[in-house]
Participant: 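This is the structure, below, for whatever I ask next.
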Amino acid sequence: MAKPEKIVLATGNVGKLREISKILADLGIEIVPQSEFGVESAEETGATFVENALIKARHAAVETGLPAIADDSGLVVDALDGKPGVHSARYSGPGATDDSNIDKLLGELANVSGENRTAAFHCCACYVTPDDAASLIAEGRWEGMILKERRGGEGFGYDPVFYDPDAGRTAAELGPEQKNARSHRGRALTALADMMRQHFM
Ligand code: ITT
């Protein structure tokens, strides 16, 4: 299959856009956010990360007639039976912000002690074409702990309370390259980029 000149990135999240564009930069393909084509966010009706990633990518591909990449991701907290999971972006309800989501998470975990505050970020990244001729799917996970207070000013979402024991830092204390080297999104998109390279040969 021939390498496309342009791929639409099906996300409205600027934090993701920054991270994903960096990882895909060396593919030599122009990566254009869906907002530049006036594409609105698709409704995420899936029950899993993979379903939602495919819904978002298909929506952008059909609207633009271009191949599309999407990521569906979220935080899976063991003490909360996997919540907020696929609902991570809207955890604290209508009008949710990163700050209100973190406040809700810290409230829910108020009585959970240190060693039981384990969690993992999950990411499903996919590449689809408008005619659905080829779909590529890759996943990534990042294990850590939820702190009781915020630390660091980088990144987005739950990064200030997600502590990576191996790095000895929160995700918000890692620079963009360090985060991409360890994160769920970094792993999923790096794997997806490898699959794309093989696919386009
Ligand atoms: P798009 O659907 O437009 O891509 P979104 O923010 O709605 O943007 P998701 O539905 O995939 O994306 O929800 C992901 C949420 O999970 C995100 O809003 C954060 O709250 C959280 N999240 C995912 N990856 C994260 C990361 O690397 N750091 C911190 N929080 C993250």
Side-chain angles (χ1 to χ4, degrees), residues 8-23 31 33-37 39-60 63 68-77 80 82-106 108 119-128 139-147 150-164 167 169-190 192:
V8 54
L9 190 52
T11 182
N13 179 322
V14 292
K16 283 186 184 183
L17 182 64
R18 242 187 343 253
E19 292 180 10
I20 295 173
S21 304
K22 226 179 170 67
I23 299 166
I31 310 287
Q34 65 180 11
S35 60
E36 289 194 19
F37 297 96
V39 176
E40 306 265 329
S41 294
E43 208 189 326
E44 296 179 33
T45 51
T48 61
F49 295 114
V50 63
E51 281 177 82
N52 282 332
L54 285 169
I55 287 171
K56 290 189 246 188
R58 285 211 173 101
H59 173 73
E63 294 269 311
I69 287 178
D71 139 333
D72 197 60
S73 47
L75 183 65
V76 172
V77 179
L80 302 177
K83 280 194 256 173
V86 292
H87 303 297
S88 293
R90 43 209 148 119
Y91 187 38
S92 56
T97 62
D98 287 349
D99 243 7
S100 66
N101 285 336
I102 291 179
D103 286 341
K104 163 134 179 162
L105 179 68
L106 295 183
E108 296 284 326
F121 276 125
H122 289 237
C123 175
C124 176
C126 67
Y127 169 88
V128 308
E139 298 195 72
R141 253 169 88 94
W142 191 14
E143 311 262 354
M145 316 282 299
I146 305 302
L147 295 185
R150 293 161 168 83
R151 273 171 46 180
E154 304 274 340
F156 68 95
Y158 298 89
D159 282 345
V161 291
F162 183 84
Y163 179 76
D164 177 337
R169 295 180 184 198
T170 68
E173 292 174 318
L174 296 174
E177 264 142 46
Q178 292 170 302
K179 183 179 171 190
N180 269 345
R182 320 185 69 81
S183 80
H184 52 313
R185 181 166 304 99
R187 288 179 187 150
L189 266 302
T190 302
L192 188 72

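Read the numbers this way: they start at 1 and go in the same order the structure lists the ligands and their atoms.
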Participant: Between Arg141 and His122, is a side-chain hydrogen bond (donor to acceptor under 3.5 Å, both in side chains) present by the stated rule, with each step listed?
Facilitator: CA-CA 5 Å; Arg141 253 169 88 94; His122 289 237; 3.3 Å; yes

Participant: Indicate yes or no: at least one non-hydrogen side-chain atom of Arg150 is less than 4.5 angstrom from one of Asp99.
Facilitator: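 Answer yes - side chains close enough.
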
Participant: For atom 16 (O) of ligand 1, which protein heavy atom lies nearest, and how many Å away is it?
Facilitator: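 Checking every protein heavy atom, the shortest distance to atom 16 (O) of ligand 1 gives Ser88 CB, 3.3 Å.
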
Participant: With a 6.0 Å cut-off (strictly less than), is the heavy-atom count around NZ of Lys22, excluding the residue itself, greater than 12?
Facilitator: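 For Lys22, atom NZ is not crowded (no more than 12 foreign heavy atoms under 6.0 Å).
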
Participant: Answer yes or no for Leu75: is there a heavy-atom contact with ligand 1 below 4.0 Å?
Facilitator: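 Not so, Leu75 does not reach ligand 1.
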
Participant: Of all the non-hydrogen atoms in the protein, which one sits nearest to atom 11 (O) of ligand 1, and at what distance?
Facilitator: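 Nearest neighbour among protein heavy atoms for atom 11 (O) of ligand 1, to 0.1 Å: Lys16 NZ, 2.8 Å.
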
Participant: Can you list the ligand 1 atoms lying under 4.0 Å from a non-hydrogen atom of Lys56?
Facilitator: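 Selected atoms, number and element: 1 (P), 2 (O), 4 (O), 9 (P), 10 (O), 11 (O), 12 (O).
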
Participant: With a 4.0 Å cut-off on heavy atoms, does Gly74 reach ligand 1?
Facilitator: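 Judged by the 4.0 Å heavy-atom criterion, Gly74 does count as contacting ligand 1.
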
Participant: Are the side chains of Lys16 and Phe156 in touch, meaning some heavy atoms are under 4.5 Å apart?
Facilitator: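 Yes - at least one pair of side-chain heavy atoms lies under 4.5 Å apart.
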
Participant: Kindly indicate whether the side chain of Cys124, heavy atoms from C-beta on, has any atom under 4.5 Å from the side chain of Glu51.
Facilitator: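 No, too far: nothing below the 4.5 Å cut-off.
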
Participant: How far is atom 24 (N) of ligand 1 from its nearest protein heavy atom, and which residue and atom is that?
Facilitator: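 Residue, atom and distance for the closest contact: Arg185 NH2, 2.8 Å.
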
Participant: Taking the side chain as every heavy atom from C-beta outward, state whether Thr11 and Pro33 have any pair of such atoms under 4.5 Å apart.
Facilitator: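 Of all side-chain heavy-atom pairs linking Pro33 with Thr11, none is under 4.5 Å.
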
Participant: Residue-level breakdown please: for Phe121 versus ligand 1, do any non-hydrogen atoms fall below 4.0 Å on the side chain, on the backbone, on both, or on neither?
Facilitator: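 For Phe121, the contact with ligand 1 is made by the side chain alone.
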
Participant: Is Asp159 close enough to touch ligand 1? Criterion: a residue heavy atom under 4.0 Å from a ligand atom.
Facilitator: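 Flag set, Asp159 near ligand 1.
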
Participant: His184 versus ligand 1: do any nitrogen or oxygen atoms come within less than 3.5 Å of each other?
Facilitator: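 Among all N and O atoms of His184, at least one is under 3.5 Å from an N or O of ligand 1.
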
Participant: Find out whether Asp103 and Ser92 are in side-chain contact, i.e. whether some heavy atom of one side chain is under 4.5 Å from a heavy atom of the other.
Facilitator: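 Side chain of Asp103 against side chain of Ser92, heavy atoms only: no contact under 4.5 Å found.
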
Participant: Find out whether Leu80 and Leu105 are in side-chain contact, i.e. whether some heavy atom of one side chain is under 4.5 Å from a heavy atom of the other.
Facilitator: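 Yes, side chains in contact.
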
Participant: Can you check whether Ile146 reaches Leu75 side chain to side chain, under 4.5 Å on heavy atoms?
Facilitator: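 Ile146 reaches Leu75 side chain to side chain.
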
Participant: Using a strict 4.0 Å cut-off to heavy atoms of Thr11, name the atoms of ligand 1 that fall inside it.
Facilitator: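 Going through ligand 1 atom by atom, the ones under 4.0 Å from Thr11 are 1 (P), 3 (O), 4 (O), 8 (O).
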
Participant: At what distance is the nearest protein heavy atom to atom 18 (O) of ligand 1, and which residue and atom is it?
Facilitator: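 Scanning the protein heavy atoms, the shortest distance from atom 18 (O) of ligand 1 goes to Ala89 CB, 3.4 Å.
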
Participant: Any idea which atoms of ligand 1 are less than 4.0 Å away from a heavy-atom of Gly157?
Facilitator: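 This gives 29 (C), 30 (N) as the contact atoms.
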
Participant: Which pair of non-hydrogen atoms, one from Glu44 and one from Asn52, has the smallest distance, and what is that distance?
Facilitator: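 Result for this residue pair: C-OD1, 3.4 Å.
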
Participant: Which of the atoms in ligand 1, numbered in the order shown and given with their element, are less than 4.0 Å from a heavy-atom of Asn13?
Facilitator: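 Reading through ligand 1 atom by atom, the close ones are 3 (O), 6 (O), 8 (O), 18 (O).
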
Participant: So is Asn101 polar-close to ligand 1, meaning N/O to N/O under 3.5 Å?
Facilitator: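 Looking only at distances, the answer is no, because the N/O contact criterion of under 3.5 Å is not met.
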
Participant: Got Glu154 and Asp159 here, is their nearest side-chain heavy-atom distance under 4.5 Å?
Facilitator: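 With C-beta onward as the side chain, the pair stays apart.
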
Participant: Please identify which atoms of ligand 1 are closer than 4.0 Å to at least one heavy atom of Gly12.
Facilitator: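 Contacts of ligand 1 toward Gly12, numbered from 1: 1 (P), 3 (O).
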
Participant: How far is atom 30 (N) of ligand 1 from the closest protein heavy atom, and which atom is that?
Facilitator: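 Ranked first by proximity to atom 30 (N) of ligand 1 is Tyr158 N, 3.1 Å.
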
Participant: Please state which protein non-hydrogen atom is closest to atom 27 (O) of ligand 1 and give its distance, to 0.1 Å?
Facilitator: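 So the nearest neighbour among protein heavy atoms is Lys179 NZ, 2.7 Å.
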
Participant: Under a 4.0 Å N-O cut-off, is there an ion pair linking Asp164 with Lys179?
Facilitator: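 No, no charged N to carboxylate O under 4.0 Å.
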
Participant: Are any of the N or O atoms of Glu44 closer than 3.5 Å to those of ligand 1?
Facilitator: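 Yes: some nitrogen or oxygen of Glu44 is under 3.5 Å from one in ligand 1.
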
Participant: Considering the heavy atoms of Asp72, write down every atom of ligand 1 situated less than 4.0 Å from one of them.
Facilitator: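 What qualifies from ligand 1 is 9 (P), 10 (O), 11 (O).
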
Participant: How far is atom 23 (C) of ligand 1 from its nearest protein heavy atom, and which residue and atom name does that atom have?
Facilitator: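 So the nearest neighbour among protein heavy atoms is Ser73 OG, 3.3 Å.
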
